[in-house]
Amino acid sequence: MTTRTLVSAAVLASMTALPALAQDDNMDKLSNMQRTDATFTHIDQDGDRAEALRSILQHINVPDGFEISLYAVVPDARSMAVAPQGTVTFVGTRKDKVWSVVDRDRNRVADEVMDFAPSVTFDIPNGPCFSPDGFLYIAERNRVLTFPAAEFFFEGPDPAVGVVVAKGDLIPEEEESFNHTARVCRVGPDGKLYISLGQPHNVQPVDKLEMYDENGIGGIIRINTDGTGREVYTRGIRNSVGHDFNPANGDLWFTDNQVDGMGDDIPPGEINRQTAAGQHFGFPWVNGGVEIPQYKDVARPEGVEFVDTQLKLTAHAADLGMRFYTGNSFPDEYQGGIFWAQHGSWNRTTPVGARVMFTKLDENGDAVGAEVFAEGWLDDSTGEYRGRPMDIAFLKDGSMLVSDDFAGAIWRIAYNPQPAE
Amino acid sequence: MMRLPLATILGGLMLAGITALPAAADDPAAGRKVANMCRTCHGIDGYAAIPIAPHIGGEPKEYLEAQLMAFKTGQREHEMMSVVAAGLSAQQISDVSAWYASHGVEATLPDGADPSQAPQLCVSCHGVDGISQLLDAPNLAAETNIYIDTQLKAFKRGKRKHEIMSVIAADLSDREIRQIADWYAAVQLEITPPAE
């Protein structure tokens, strides 16, 4: 053992002499508006890859009057944020890149896809979001950064950057995992940042309950855009990877991912409506209305009433990114409703999901019922995925973008009815 | 029935010779069926379809089997793999490990990469190109850098334990971890199915 330690110490000493350790220092340089030697990675938009993706389109069904096309080739495309001007859509990944997807000529096909801020070492930068005044926020596994006027500075490798939550301060480092650390962020009607923090287990052990609850792990936190004033806004979630505010009344809605290992048909998926700060949605005691056996004998939080899910959705379909429709090009029936992506199941005996879902809201602001809006990314005959929708966003013309981290694409769905003969 | 004792003796001898291996003989064909549970994330050929999953095609059977058993017994934990492994029998674990191990791998360093820059701490077990040099080490070639990063941090923080890896990872800084991860993530990996 001693020998091995000595050896590794010697090897370590030699490692520090290696080049290319400069990445973290770039943050300091950028904060001081200095240049780095970072270079861009460009993604080819016209090659074989684009052609292969277009061949998937024939399998996708959308409602009458709608059409689907390939908007961009974007590897590992996850959560999206359309910039205020609409020139650039920033797209997160579960790897180390954020992509700038650029449509300068507004022909609704990306002209250029390149990595954003290549000078920054990202770590699961899944969740980009914009404030109305053009600050881009990027929620990573364990850090939150902000890029002022990102839409205008994305063309340089060294955009100005600020730290909202320093590395290691979003969650305790020992709680970092890979799978349940895809953050989603939104700027709320109050101007604060709302960031989801999945809990890293299937069902968390009882001895973690208190610490998770205090940190908002298995919840959604809100913080001021300068990183101060952290509060746990939403409690009792397992691993939410999609939330958005109802523009009509400011309610926060979110999807959740359900417990595995309880069978193919339970617990049902959830889409939730939160009407006040601090509400608790039941996990790990209940999940989609189903009691979790490990918590049967664990005391529930005192004086807390669990909020029921708005809709019980297909079990294990993995409801992820969601967005209210506020555009003006879709028919009236879609106005003010919610679109969301079902990523598709990973271990269900018969795979389900890989589609875009929709629900209207009634006059009380409750969900009416889930309907399938677009499907066909799952090949029912083989059970294989052609693609896996992950998030929904809308362009300024009201058309929909669907990110797909399996195919590595962003699809566009537009309403374009054929004129009557 | 003179043959029976002979067969028993032979069987006994053979068993004695392979005590280091798990109980049952493995069956890659049966393992291919088990792999239907794995394919959404790891691919039917073991080339992962999502970033959080490692490429497992062409990895040493011993490594795969040991990890699945570790997930099954709770020695290693993962929110998805613990669920999957809990439902697998020792035979299924042996079979599915054999299926993935029966694939071929070819790793290629990216253009212009200098092999002497490979992470010296890692190469004796994981190779310069991320192809395992021993039975108890995984291939690292072309894994998502965040996957390698996450595993090294798990060893460093004691969430995952291994007699060699825990020691190696203990003193690595986040920056060194990412540098190692980036080296292996940049390798191109090709996985080829087993010959019919």
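Here is the naming used below: chain letters follow the sequence lines, and residue numbers restart at 1 for every chain. Just so you know, these numbers use all the heavy atoms, side chains as well, and skip hydrogens, waters and symmetry mates. Computed from a prediction, not measured in an experiment: that's the story for all the values here.
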Does CG belonging to A:Asp48 count more than 12 external heavy atoms closer than 6.0 Å? no
Could you go through the salt bridge (Lys or Arg N to Asp or Glu O under 4.0 Å) check for B:Asp149 and A:Arg141 one step at a time? CA-CA 12 Å; B:Asp149 178 287; A:Arg141 164 155 62 179; 3.0 Å; yes
Closer than 3.5 angstrom, by distance alone: can the side chain of B:Lys159 be matched with the main-chain N or O of A:Glu174 as a donor-acceptor pair? yes
Would you find more than 12 non-hydrogen atoms of other residues, nucleotides or ligands less than 6.0 Å from A:Asp37 atom CG? no
How far does CZ of A:Arg238 sit from CD of B:Glu79, to the nearest 0.5 angstrom? 7.5 Å
Can you find a side-chain donor-acceptor pair between A:Arg94 and B:Thr144 that sits under 3.5 Å? no
Taking atom CD of B:Gln188 as the centre, report whether more than 12 heavy atoms of other residues, nucleotides or ligands fall under 6.0 Å from it. yes
Which distance, rounded to the nearest 0.5 Å, do you find between the CG of A:Asp123 and the CD1 of B:Ile146? 4.5 Å
Between A:Ser177 and chain B, which part of the residue has a heavy atom less than 4.5 Å away: side chain, backbone, both or neither? both
Measuring from B:Met81:CE to A:Asn347:CG, what's the distance to the nearest 0.5 Å? 10.0 Å
Where the side chain of B:Arg157 meets the backbone of A:Glu173, is there a donor-acceptor pair that is under 3.5 Å apart? yes
Taking the side chain as every heavy atom from C-beta outward, state whether A:Lys167 and B:Asp174 have any atom pair closer than 4.5 Å. yes
At a heavy-atom separation under 4.5 Å, does A:Glu175 approach chain B through its side chain, its backbone, both, or neither? backbone
B:Lys153 portion near chain A, given a 4.5 angstrom heavy-atom threshold: side chain
Quick one: NE2 on A:His201 to CE on B:Met80, what's the gap to the nearest 0.5 Å? 15.5 Å
Interatomic spacing from CD1 in B:Ile50 to CG in A:Asn179 - rounded to 0.5 Å: 7.0 Å
Identify the two heavy atoms, one from B:Tyr147 and one from A:Phe178, that lie closest to each other, and give their separation to 0.1 Å. N-CE1, 3.4 Å
Test side-chain contact (heavy atoms from CB on, under 4.5 Å) applied to A:Phe406 and B:Thr40, step by step: CA-CA 10 Å; A:Phe406 181 86; B:Thr40 300; over 6 Å; no
Heavy-atom pair of closest approach, residues B:Arg178 and A:Phe122: NH2-O, 2.7 Å
Quick check on B:Glu77 against chain A: is it the side chain, the backbone, both or neither that has a heavy atom closer than 4.5 Å? side chain
Pick one of side chain, backbone, both or neither for A:Pro200, based on which atoms fall under 4.5 Å of a heavy atom in chain B. backbone
